[in-house]
There are 2 protein chains.
Amino acid sequence: MKLSNTNQRRIIIEELRNLYTHPTADELYVIVREKLPQISLGTVYRNLELLADAGKVLKLELSGKQKRFDGNVNKHFHMRCRACGRIEDMHADKMSEIDRNLNDLVDKLKVDGYRLELNGLCNKCRAEEE
Amino acid sequence: MKLSNTNQRRIIIEELRNLYTHPTADELYVIVREKLPQISLGTVYRNLELLADAGKVLKLELSGKQKRFDGNVNKHFHMRCRACGRIEDMHADKMSEIDRNLNDLVDKLKVDGYRLELNGLCNKCRAEEE
DNA sequence: ATGAATCTAGTAATGATTCCTATTATTTCA
DNA sequence: TGAAATAATAGGAATCATTACTAGATTCAT
Ligand SMILES: [Mn+2]
Ligand SMILES: [Mn+2]
Ligand SMILES: [Zn+2]
Ligand SMILES: [Zn+2]
């Protein structure tokens, strides 16, 4: 099914790409409503799903009840903060060794892929802990 | 809070330890009802939670909507089958290299830990694919 | 044995997500 | 350019895994 060009879809992807916070659908809904006050939550859900299928955004199925979304589709990893729950990026260049190892593992075990989530303290919470 | 010894709790952990299937709470509920027909689903949920907190079982928060539970608390990894959804064990001895690397990563990045889920075809589905 | 602590069954509530539908917007192509 | 066809929308209902509530039962420590 071809994706039409709608205002709703354009604003959703635009606003998501402005963020570094890996919002849930309902968090993004609040933000998008500043531009499109009449948009419905269902539209945000549906478009995030379609955009993820099309490879335009990432759908993150991490621990926690809610799915999160990421406008950055470049390869990187995620850490969940044990204190505040925020998702922080861990860029692949810091992790090239583990990335190589995981790819080797995928080959060796003849599996399709993997999902890796790191757990720890985000920068903000680490600073506050002093 | 100290855990009492109840029939319900004993049967839940016993039946879970007999399985290699990583059941959801409701799947285990069906099995436990063969021994205790009057048990409630809430009791299964509550006990699995308490037993996981006590380190007697593992709570697996993998992809998919439902949590799964594992009576085997020895270190090992899990693979979700893309065809049937089953969770299959990947024992740590097969994965000692990746295990070492992940532990190094945890040290290097000063994080607490990680969650790794492999994705692929389980043995049964791989056999059926020929 | 007894009082306090813990647990249970049954049921209601919660909350994230998906589904439904009448209406509106977008695309296609004659 | 202008229907007809296709796709998307808002708003609301439905789903369903999980958690919360509660009165009564069980288990525990002494
Ligand atoms: Mn990210
Ligand atoms: Mn296992
Ligand atoms: Zn934090
Ligand atoms: Zn399978």
Side-chain angles (χ1 to χ4, degrees), chain A residues 1-16 21-54 56-70 80 85-87 117, chain B residues 1-16 21-54 56-70 80 85-87 117:
Chain A
M1 191 206 296
K2 180 115 58 91
L3 294 191
S4 296
N5 291 318
T6 66
N7 267 353
Q8 290 90 335
R9 187 162 295 152
R10 184 173 45 77
I11 303 273
I12 286 168
I13 196 166
E14 239 169 62
E15 294 299 313
L16 180 56
T21 52
H22 309 94
T24 59
D26 61 303
E27 287 167 351
L28 189 56
Y29 170 58
V30 170
I31 290 162
V32 166
R33 265 194 303 183
E34 292 170 16
K35 299 277 167 62
L36 292 174
Q38 76 288 21
I39 199 173
S40 73
L41 179 56
T43 295
V44 175
Y45 269 105
R46 180 168 23 78
N47 277 296
L48 287 171
E49 196 67 34
L50 291 168
L51 291 167
D53 288 348
K56 310 223 175 188
V57 308
L58 286 184
K59 177 166 58 170
L60 306 178
E61 305 193 58
L62 306 175
S63 57
K65 304 179 205 301
Q66 297 181 71
K67 289 173 191 162
R68 292 180 172 274
F69 296 86
D70 193 338
R80 173 180 292 272
R86 255 188 287 266
I87 305 300
E117 173 185 337
Chain B
M1 191 206 295
K2 179 115 60 86
L3 293 191
S4 296
N5 292 317
T6 66
N7 266 354
Q8 289 91 335
R9 185 162 296 151
R10 184 175 44 78
I11 303 273
I12 285 168
I13 196 165
E14 239 170 63
E15 294 300 313
L16 179 56
T21 52
H22 310 94
T24 58
D26 60 304
E27 287 168 351
L28 189 57
Y29 171 57
V30 171
I31 290 162
V32 166
R33 265 195 302 184
E34 293 170 17
K35 298 279 167 60
L36 292 174
Q38 76 288 21
I39 198 173
S40 74
L41 178 58
T43 294
V44 175
Y45 269 106
R46 180 168 24 77
N47 277 296
L48 287 171
E49 196 67 34
L50 291 168
L51 290 166
D53 288 349
K56 309 222 174 185
V57 308
L58 287 185
K59 177 167 57 171
L60 307 178
E61 304 193 58
L62 306 175
S63 57
K65 305 179 203 304
Q66 297 181 70
K67 290 174 189 161
R68 292 180 173 273
F69 295 86
D70 193 338
R80 173 179 291 271
R86 255 189 287 267
I87 305 300
E117 174 186 336

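In what follows, chains are A, B, ... by sequence order, proteins preceding strands, each numbered from 1.
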Nearest-Å distance for atom pair CZ/C1', residues B:R33 and C:dA9: 13 Å
Pair A:L48-A:L16, side-chain contact (heavy atoms from CB on, under 4.5 Å): steps then yes or no: CA-CA 10 Å; A:L48 287 171; A:L16 180 56; 4.0 Å; yes
End axis versus end axis in the helix from C:dA1-D:dT30 to C:dA30-D:dT1, the angle rounded to 10°, five pairs used at each terminus: 40°
Closest approach of A:H22 to A:I87 (non-hydrogen atoms, all atoms of both residues): ND1-O, 3.0 Å
Closest contact, heavy atoms only, B:L60 versus B:D70: CD1-CB, 4.2 Å
CA sep, side-chain torsions, deciding dist, call: B:T21, B:E27, side-chain contact (heavy atoms from CB on, under 4.5 Å): CA-CA 10 Å; B:T21 52; B:E27 287 168 351; 5.8 Å; no
side-chain contact (heavy atoms from CB on, under 4.5 Å) between B:I12 and B:I39, intermediate numbers included: CA-CA 10 Å; B:I12 285 168; B:I39 198 173; 4.1 Å; yes
Closest non-hydrogen atom pair between A:Y29 and A:S40, with its separation: CE1-C, 3.7 Å
Distance, rounded to the nearest Å, where B:L36 contributes CG and C:dA9 contributes P: 8 Å
Interface limits on DNA chain D, where chain B has a heavy atom under 4.0 Å of a nucleotide atom: D:dA17 to D:dA29
Backbone of B:S63 reached by a side-chain donor or acceptor of B:R80 within 3.5 Å: yes
Distance below 4.0 Å between B:Q8 side-chain N/O and C:dA9 OP1 or OP2: yes
Under 4.0 Å protein heavy-atom contacts per nucleotide of nucleotides 14-29 of chain C, with B for base, S for backbone only and - for none: --SBB-------SSS-
Test item: A:R68 side-chain N/O and A:L62 main-chain N/O as donor-acceptor pair under 3.5 Å: no
Closest approach of B:S4 to B:R9 (non-hydrogen atoms, all atoms of both residues): O-NH1, 2.8 Å
Closest non-hydrogen atom pair between B:L41 and B:D26, with its separation: CD1-CA, 4.0 Å
